[in-house]
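Structure first, commentary second.
In each ligand, atom 1 is the first atom listed, and ligand 1 is the first ligand listed. It should be emphasised that the depicted structure is a prediction, and the values quoted were computed from it without experimental measurement.
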Amino acid sequence: MHLYHELDAPELPDADFDRLVHRLRDLEAAYPELATADSPAEQVGGAPSVAFAPVVHEVPMMSLDNAFDIDELRGWAERLERRLGDSIPSFVCELKFDGLALSIRYEDGVLVRAATRGDGTTGEDVTHTVRTIADVPHELPAGAPRVIEVRGEAYMRLSTFAALNKAQEAAGQQAYVNPRNTAAGTIRQKDPEAASQRALSFWPYQLGQVVDGPVLDAHSATFDFLTSISFGVNEHSRVVDTIDDVVAFIEEYAAKRHDLDYEFDGVVIKVDDLETQRVLGSTSRAPRWAIAYKMPPEERATRLIDIPISIGTNGSATPYALLEPVFVGGVTVTNATLHNQDIVAQKDVRPGDMVIVRRAGDVIPEVVGPVLSERDPDSEAWVFPTDCPECHRPLVRPEGAARHRCPFADCPAQVRGRIDHFAQRSAMDIEHFGERTIDLLVSAGLITDVGDVFLLDPQELAQFEGFGETSIENLRAGLESSRTRPLGNVIFALAIPHVGSSNGKVLAKAFGSIEALAAASVEQIAAIDGIGPTIAESVVEWFASDTGTAIVQKLHDGGVRPVAPAVSTLEATLTGKSIVVSGGLANYGRSEAKNAITDRGGKAPGSVSKSTFALVVGNDPGASKVTKAEDLGIPILDEAGFETLLTTGELPA
Ligand code: IVH
């Protein structure tokens with residue numbers, strides 16, 4: 001469950017996200033009975049997957065710009081007025097349903113194809129599962145247009161979701177995390193029978209291609225038309241005349257957020273008059289005539305069961321809230337970080353308290369504070385434990401540091417953490433070497449550091465239950481293909497403090513081998529563009545340490561032969577520039593986009609900061625990245641702008 005929650009938080013750096021998905025795949029391979037159809041491990045970014053036939057949308061399925069507060073919304077309305085020369089349009093307010101966008105195509109009144117949005121240009125053919133949705137007619141009444149694409153949201157009703165989880169529980173199966181992922185997973189099921197059991201619903205809200213259809217003059221007329229061709233439309237949409245009325249609609253539905261049998265995470269506001277929509281037009285990403293107002297983070301109260309400590313890879317001891325499961329902001333939350341001793345003290349949360357938990361649509365859950373009126377009068381302030389929960393030796397809090405740590409590098413939690421890090425996809429990418437295998441090997445003392453991994457005889461696995469010849473051979477093959485990973489991945493895999501995956505690549509390019517990097521001085525390393533003195537010192541210190549030296553030797557003895565990066569023939573247009581990519585691009589996968597940047601000498605970190613040169617947004621970018629870039633005045637580019645930047649190194653005019 002914990003993994004799922006983290007996975008639902010795109011705030012994570014891409015590398016961590018990849019690592020979690022990788023781990024989840026391992027877990028699902030080891031425990032197939034726990035794998036769910038909506039598992040994030042089954043989902044590959046926004047790009048269409050090869051499993052379903054691609055469908056090119058006749059009319060692109062655009063996304064919407066977001067407004068995160070009322071000021072932004074009013075700003076949008078003012079821009080419209082300026083563009084329209086002060087004529088004030090009417091608006092349609094609709095709920096922003098939280099599900100999966102679909103385009104359903106009818107020809108001569110018969111459903112011929114249903115597709116997901118995909119990257120907006122090409123989606124996936126999901127006709128087989130969409131046919132099982134009761135709200136989607138298979139045939140339209142006589143007189144329907146020759147061709148019509150009905151667009152809308154597939155979703156799961158909360159009552160359906162609750163019943164589904166009740167059945168899962170009764171069957172001793174893992175609960176589904178949230179209605180949205182379950183709906184998305186159901187649509188992308190292979191088996192229509194299984195999909196039909198999940199009883200999805202559908203709200204139409206837009207038309208795509210229409211041939212020989214009625215001439216409509218307003219978006220609101222679309223709803224009457226949809227009704228006339230036997231679609232059920234959502235009863236909560238409303239035409240209003242002013243932006244003040246829009247604000248009133250938002251307030252009304254913010255208060256009703258939990259009164260409906262389905263989730264909505266905002267309000268979509270569209271200019272009603274279709275001619276005005278045409279005048280306003282679209283940017284490459286989204287129409288100017290519509291905006292999505294995102295409702296602020298949700299808060300819920302739940303019981304704080306305990307405050308355990310988790311030990312990180314580098315020994316950091318982090319307290320976290322173990323919570324009675326609570327459904328907030330679209331996911332079931334069972335734990336939330338409490339960061340460190342001072343934060344727990346400042347929030348003064350105590351085991352047994354009722355606490356307020358907050359979660360914005362896409363960020364990690366947070367404990368806001370206790371509900372003091374419900375506190376047990378005998379409760380006492382929580383005290384930080386003195387001993388490491390994993391190795392039972394004393395924790396320390398270094399002078400001036402915010403965090404406690406377990407200072408023992410041989411603490412099993414740290415050993416496991418380093419090996420997990422080492423094996424993850426963006427590092428050594430060792431297949432068939434999942435968390436369970438690692439736990440067993442570390443507990444049995446067969447592996448004590450990452451250097452032991454390639455010295456391990458996979459035959460040792462035979463002593464553990466559930467490991468037959470196949471798993472042993474799989475691991476042998478997994479290790480073999482990992483011996484020749486790119487040098488940048490290997491450097492990252494070593495878990496040298498401050499060296500992330502992007503710095504690993506920069507160092508690989510600059511030095512070309514582990515030996516050359518190990519022999520470099522602080523000055524030589526710090527002289528590399530993009531590498532600061534902290535990183536340089538950390539690298540030198542690591543290679544000079546006994547642990548570092550031993551690991552390098554063991555990796556060599558274990559047959560690890562990193563592959564040096566090819567010298568890039570591309571022009572270094574982005575030297576010294578840091579570019580953040582968020583959301584799905586049409587022509588670049590997640591790592592392709594990063595490589596396109598680093599191959600040209602740039603850096604591609606996972607988060608926006610004041611040193612970011614530009615933020616590139618694709619479909620469904622991380623909302624907080626966009627807001628942060630806007631706050632810091634950092635240029636925001638679409639994919640076309642990104643292409644210009646790659647070739648010229650300059651922002652598009
Ligand atoms: S209209 C060009 N209306 O929000 C306009 N979208 O952030 C296309 N959504 O991909 C979308 N409720 O999945 C529209 N009432 C509504 C919506 C809605 C939910 C989703 C839809 C879209 C996403 C854009």
Side-chain angles (χ1 to χ4, degrees), residues 10 46 48 57-68 72-73 76 91-104 114-124 126 130 135 149-156 179-181 183-184 187-188 200-210 218-220 222-223 226 231-240 246 249-250 253 257 260 262-272 274 276-278 280-295 330 361-362 582-584 586 617-623 626:
H57 300 300
E58 292 291 339
V59 176
M61 290 182 78
M62 275 194 274
S63 71
L64 293 172
D65 282 334
N66 292 320
F68 292 96
E72 282 183 22
L73 176 68
W76 169 75
F91 302 104
V92 185
C93 302
E94 297 167 22
L95 300 182
K96 186 171 191 303
F97 311 111
D98 209 3
L100 180 77
L102 294 177
S103 182
I104 309 175
T116 62
R117 175 164 161 241
D119 61 12
T121 309
T122 310
E124 295 175 330
V126 288
V130 172
D135 296 337
E149 285 174 1
V150 176
R151 290 174 175 183
E153 203 86 350
Y155 67 97
M156 181 172 273
R180 174 180 20 96
N181 286 1
I187 290 291
R188 300 180 77 262
L200 294 186
S201 304
F202 179 77
W203 291 126
Y205 48 63
Q206 204 73 29
L207 297 179
Q209 192 187 27
V210 181
H219 175 66
S220 47
T222 309
F223 288 126
L226 282 165
F231 273 89
V233 299
N234 184 265
E235 70 266 37
H236 298 286
S237 73
R238 184 183 300 165
V239 182
V240 299
V246 171
F249 181 93
I250 289 173
Y253 279 90
R257 193 152 173 193
L260 306 183
Y262 44 87
E263 292 199 293
F264 56 99
D265 59 349
V267 170
V268 179
I269 302 107
K270 300 172 184 169
V271 167
D272 192 22
L274 293 180
T276 311
Q277 287 192 1
R278 274 187 283 274
L280 288 166
S282 306
T283 66
S284 63
R285 197 183 100 75
R288 291 197 190 84
W289 45 262
I291 195 156
Y293 172 86
K294 293 287 201 113
M295 292 193 165
D362 57 355
S582 181
V617 294
N619 282 323
D620 279 331
V626 176

Residues at least two apart in sequence or cross-chain that pass side-chain contact (heavy atoms from CB on, under 4.5 Å) with V240, listed by chain then number, are F91, C93, R238, D245, V246
query: Which of parallel (below 30°), tilted (30 to 60°) and perpendicular (above 60°) describes Y262 and W203?
result: perpendicular
Residues at least two apart in sequence or cross-chain that pass salt bridge (Lys or Arg N to Asp or Glu O under 4.0 Å) with D135, listed by chain then number, are none
| message | Less than 4.5 Å apart, side chain to side chain, heavy atoms only: is that true for K96 and V267? | response | no
* Asked: Using 4.0 Å as the upper bound for N to carboxylate O, is an ion pair formed by E94 and K270?
  -> yes
Across all chains, not counting sequence neighbours, the side-chain contact (heavy atoms from CB on, under 4.5 Å) partners of T222 are L207, L216, H219, L226
For ligand 1, run through the N/O pairs with the protein that fall under 3.5 Å and put one pair on each line.
{"residue": "ligand 1", "atom": "3 (N)", "partner": "K270", "partner atom": "NZ", "Å": "3.1"}
{"residue": "ligand 1", "atom": "4 (O)", "partner": "K96", "partner atom": "NZ", "Å": "3.2"}
{"residue": "ligand 1", "atom": "12 (N)", "partner": "F97", "partner atom": "N", "Å": "3.0"}
{"residue": "ligand 1", "atom": "13 (O)", "partner": "E153", "partner atom": "OE1", "Å": "2.6"}
{"residue": "ligand 1", "atom": "13 (O)", "partner": "E153", "partner atom": "OE2", "Å": "3.3"}
{"residue": "ligand 1", "atom": "13 (O)", "partner": "Y205", "partner atom": "OH", "Å": "3.3"}
{"residue": "ligand 1", "atom": "15 (N)", "partner": "E94", "partner atom": "OE1", "Å": "2.9"}
{"residue": "ligand 1", "atom": "15 (N)", "partner": "L95", "partner atom": "O", "Å": "3.0"}

